[in-house]
Each structure stands twice: as structure tokens, then as C-alpha cells.
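To keep things clear, I will list the structure first and then write my remarks on it.
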Protein chains: 2
Amino acid sequence: MEKSPLHSISEENYLKAIFALTPTSPSGVSTNDIAKRLDTKAASVTDMIKKLADKKLVNYKKYQGVKLTNEGRKVAISTLRKHRLWEYFLVEKLHFKWDEVHEIAEYLEHINSDVLINRLDDFLGNPEFDPHGDPIPDKDGNLTPHQNITLNDLQKDESGVIVGVKDHSSAYLKFLETNGLLLGINVKVIDIQEFDESVKIIVNQQNEISLSQKASKNLIIRKL
Amino acid sequence: MEKSPLHSISEENYLKAIFALTPTSPSGVSTNDIAKRLDTKAASVTDMIKKLADKKLVNYKKYQGVKLTNEGRKVAISTLRKHRLWEYFLVEKLHFKWDEVHEIAEYLEHINSDVLINRLDDFLGNPEFDPHGDPIPDKDGNLTPHQNITLNDLQKDESGVIVGVKDHSSAYLKFLETNGLLLGINVKVIDIQEFDESVKIIVNQQNEISLSQKASKNLIIRKL
DNA sequence: AAGATAGTTTAGGTAAGCCTAAAAATCTAA
DNA sequence: TTAGATTTTTAGGCTTACCTAAACTATCTT
Ligand SMILES: [Mn+2]
Ligand SMILES: [Mn+2]
Ligand SMILES: [Mn+2]
Ligand SMILES: [Mn+2]
């Protein structure tokens, strides 16, 4: 008798997607949004939602969108924990760049062994944030949510420290890296253009660069 | 357009099983042997063998058993490399015992990223042997085969060093551990019972213990 | 309030990887 | 050398996770 996993890889990916989309659709995540995020078709999403509802991982009423149950949220957070710990491992121990780790972690996150992930956590020194500044849930599923102030919210002459990114695309992360915009770096807004909301900033009290609104609204900041 | 892996997890497991069974059935590995090793049914094996033959990973003639092609052997060895490197990681970095790592490595071995596995290899210091004494293939697929002399082959008063195990079961590994029979340990045969081929040995020039033939023929030795 | 449109579900189908039961091939041993 | 046993293959089914096309529901526009 082989012990089969409680949740399939697909189920875990759906739960994680619903969890991620919940803040912007708290009244119910739509079929289409899930389909877009998982690069699949709406009909497939409806299929899977029914299975998740049968397993009591989501609450679902036709045409009303979907919400995680407590149990579903637990699975999503546990998957996030694994994803972020593996990302941290890849960057800190195997010297990957922060734009190279997401895809590999998409696979590693589905290795389900509590012993494994807790030992990895200890081996890494119980890190609080992943390489993109996202908080790593602890083994009891506690997740300190990000503050949501971005560079775009700063006024002229205000400064802050980079603590995370909202856009995890390789293109964006590479762009940040070439401009020295890494976690922990100090930024000060010295000018804001009205017409396109682009900002001129000083990076680390040294270089002066200018960022589009799209770039600045994806950079999470702790105000100083 | 998602890039889908060249070989499925199932395909990799079949290729690994065929590779492992080849030494004892060089003229062709039988359907039943594969089924037993993978804990599946003969009919399922026939299905998969056909798929592998279509992909030119094995040569197959009905009722004649199956042999790996060069390409198939490459995939098998690459999977072994991953399996053994992850086992080494689990024992050396996460402090698992040697009897606890196999199952987890069964999953980790299917994460297919050359960059990942080569960086892991470097991080671990390019180990040559896994926690069970099995050789780890290098990145070009070179695999130094084990010598096959076991404790059972030693004559009275001969001694050797433990370099591996043939039986990887948790029961056997735990038994060895409680008797101090670990890799690198010195053993000397001081008596052999004719009637049941059990041996009395001295472990590490200290403890005297007695081993059944079943126990001694699964312990790989380098003669001194 | 009705029709157009956008979003969602259903219907029906596919491929992978497994299964049981039955048929066919091969091996073994008298 | 041939009957019986064993092994292997085939036939037909199942589940998961996808898909397209068509039908349905909800929402927006006039
Ligand atoms: Mn994933
Ligand atoms: Mn991340
Ligand atoms: Mn495996
Ligand atoms: Mn091993």
C-alpha cells in the first residue's frame, strides 16, 4: 500500500493561485483570473474548482467565484513556505541570481515532506524573507503580510529602503539588478514628473536614476 | 508556450529500474522483474516499454525483454546522479540518517535542471560516493562501477573496509548502524561457520559480532 | 427592460499511466 | 515432444488533468 499524497501538484498550484488572487478579489476569485495566472483555460479551471470544492478546500457557488476554506488556505501557505525556502536555498547556498530561482522552486515546492522542509528551514537559519523580500511562513503557517507601500507612493524628498518586489518577472528583476536596486538598498525621491508619474531617485546616496511609474509601483519600500 | 520536460517522471523511473536490473539480465530485462521492482503490474510495464521503444530509449522485441539504448542509459545515469547527489545533500547538510533519505530522493531526482544539479554538485564539493557507498556519476555521465567483493567473500583472518551496501532497505541500514557497521569502518573475519555461512567479525579492532550470511553478503568491502 | 457582450459552465474528447481479465507465447519437465 | 505452468501481451476500462465548442448566466448599455 503506497501512501499517496493528499493533494496533487495541480491542486497545490490552483490553491496557491487562488491564495495569491484573493487580496484583489476578496469576495471570490474568478475563473478567468485563475486561468490567466496558471496559463490554462477557463473550462479546466471550472473542472478543478469542482474537485477542490468536493475536497472542501474551497467554497464555490456557480458563477460566484471561489474562496479558500481554512484547510485550503493552510495548503496554499504550506506550499508558499516551501517555495520561498527553496528560493532562499538556491540564492544563498547555490548562488543563483534572484531572477533565476522561481521556475525551479515551482517544482521543488511540491516535494511534500515535513521533516525535509523543517530541516531545510533550520539549515538555512530560519530566514524571514525570500530573495524577493516576500515573507516566509513559519512551520505553523503564520505569515506576516507585507506592508504595501511602494516607491510610487513616496513624496518628493522622502526616502526608504527596498524590502521587496511586486513583479517577479525575470525582466524586471534583471532591470533592478543592473540599476543596483536590490533588497536593503536606500532610495530617495528627488523629483516626480506629473505627466507620466515617473520618478527621479538617488540610489544608495550615490547614483541618480529615473524610473517609470510601472517600475516604481512594483518596488516595495519601507519608509524612513 | 511552456517547455515540457523531455521525459516524464514515470519514464525516468522505468529507465532507472531497467538500468539497475541490466547487470543481472544483460540479455534483456524481463517485464516481470521491472514490475516487481516498481511495484506495478506486468501489463503496465508492457505499455510503458512500448512508449520507451517509440522514443528510442530502449530496444524491445516482444517476449524478448528490454535493453537500454545509449540515449536511454544516459537518462538513467543522469537520474542516478541526481538521486545520489540529493541523498548526499540530505545526509551531509540536513543531517538525515542514511536509512531516511531514499524516499525523498526518489522525488528530488526528477527535478530536471542541469544548472541546479551542477551547482548542487559543486556546493557539496563534488562527492564521489553517496551515503550508501554508491558511486555518483559525474556531469558527463561517467560512472565508476563498484567492485563487487562482499564481506561474505573474505576468508578467515582477512580484513577489509566497508565501502558500500547492496541492500538499501531501512531495516538493513538500521541494523548496520546499531552494530557500528558504517562506511569506512574496518572489519576482520575471525571465524566462519560452515553450516550457515555466518561469520564472526571484529568491528574497528574492538567489538566482536556475528553476522548471518544474508547480512554479510550485502556488505561491500575493499579488501586490505 | 432588452439585447449585446463578457464570463462561466457543460458536453464531449484526448493522452498518460495505471488496472483486471483473457489470450497468446514461451519455457519446462516428463 | 508435448502438456502444463509461467510469462507476456492484448483488450478494454478507469482517473487525472487537460482541451475545444457550444450553451448558459450575469452584467452592462442603451
Ligand atoms: Mn508549482
Ligand atoms: Mn519569491
Ligand atoms: Mn523516482
Ligand atoms: Mn543511495
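Chain letters run A, B, ... following the sequence lines, proteins first and then strands; every chain starts at 1.
With sequence neighbours left out, A:Glu92 forms a salt bridge (charged side-chain N to carboxylate O under 4.0 Å, His left out) with no residue at all.
Atom CG of A:Leu15 and atom P of D:dA17 are 11 Å apart (whole Å). Remark: P of C:dT8 and NZ of A:Lys61 are 16 Å apart, rounded to the nearest angstrom. Between the CD atom of A:Glu12 and the C1' atom of D:dT16 there is a distance of 15 Å, given to the nearest Å. Atom-to-atom, CD1 of A:Ile34 to P of D:dC18 comes out at 13 Å; the value is rounded to the nearest Å. Straight-line distance from the CG atom of A:Leu38 to the C1' atom of D:dA17: 12 Å, rounded to whole Å.
Listed pair A:Ser44 / D:dC19 meets the phosphate criterion, a side-chain N or O lying under 4.0 Å from OP1 or OP2. Phosphate proximity of D:dC18 to A:Lys41: absent, as no side-chain N or O sits under 4.0 Å from OP1 or OP2. When the side-chain nitrogen and oxygen atoms of A:Asn32 are compared with OP1 and OP2 of C:dA6, none of them lie within a distance under 4.0 Å.
Between B:His132 and B:His168, the ring planes lie parallel to each other; the angle is under 30°, not in the 30° to 60° tilted range. B:Tyr172 and B:Phe175 have parallel rings, their planes meeting at less than 30° on a 0 to 90° scale where 60° marks the start of perpendicular.
The residue A:Thr31 sits close only to the backbone: its heavy atoms come under 4.0 Å of sugar-phosphate atoms, none of a base.
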Side chain to side chain contact (heavy atoms under 4.5 Å, CB included) evaluation trace for A:Asn218 with A:Val165: CA-CA 6 Å; A:Asn218 281 300; A:Val165 292; 5.9 Å; no
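Remark: of the listed residues A:Asn152, A:Leu151, A:Asp167, A:Asn152 is the sole one forming a side-chain contact (heavy atoms from CB on, under 4.5 Å) with A:Lys217.
With the nearest nucleotide of DNA chain D identified for both B:Tyr63 and A:Tyr63, B:Tyr63 has the one nearer the 5' end.
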Where do N or O atoms of nucleotides 10-17 of chain C meet protein N or O atoms at under 3.5 Å, pair by pair?
unit_1: C:dT10; atom_1: OP1; unit_2: A:Lys62; atom_2: NZ; d: 2.6
unit_1: C:dT10; atom_1: OP2; unit_2: A:Lys50; atom_2: NZ; d: 2.5
unit_1: C:dG17; atom_1: OP1; unit_2: B:Ser8; atom_2: OG; d: 2.5

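Under a 4.0 Å N-O distance rule, the pair A:Arg81/A:Asp138 does not qualify as a salt bridge.
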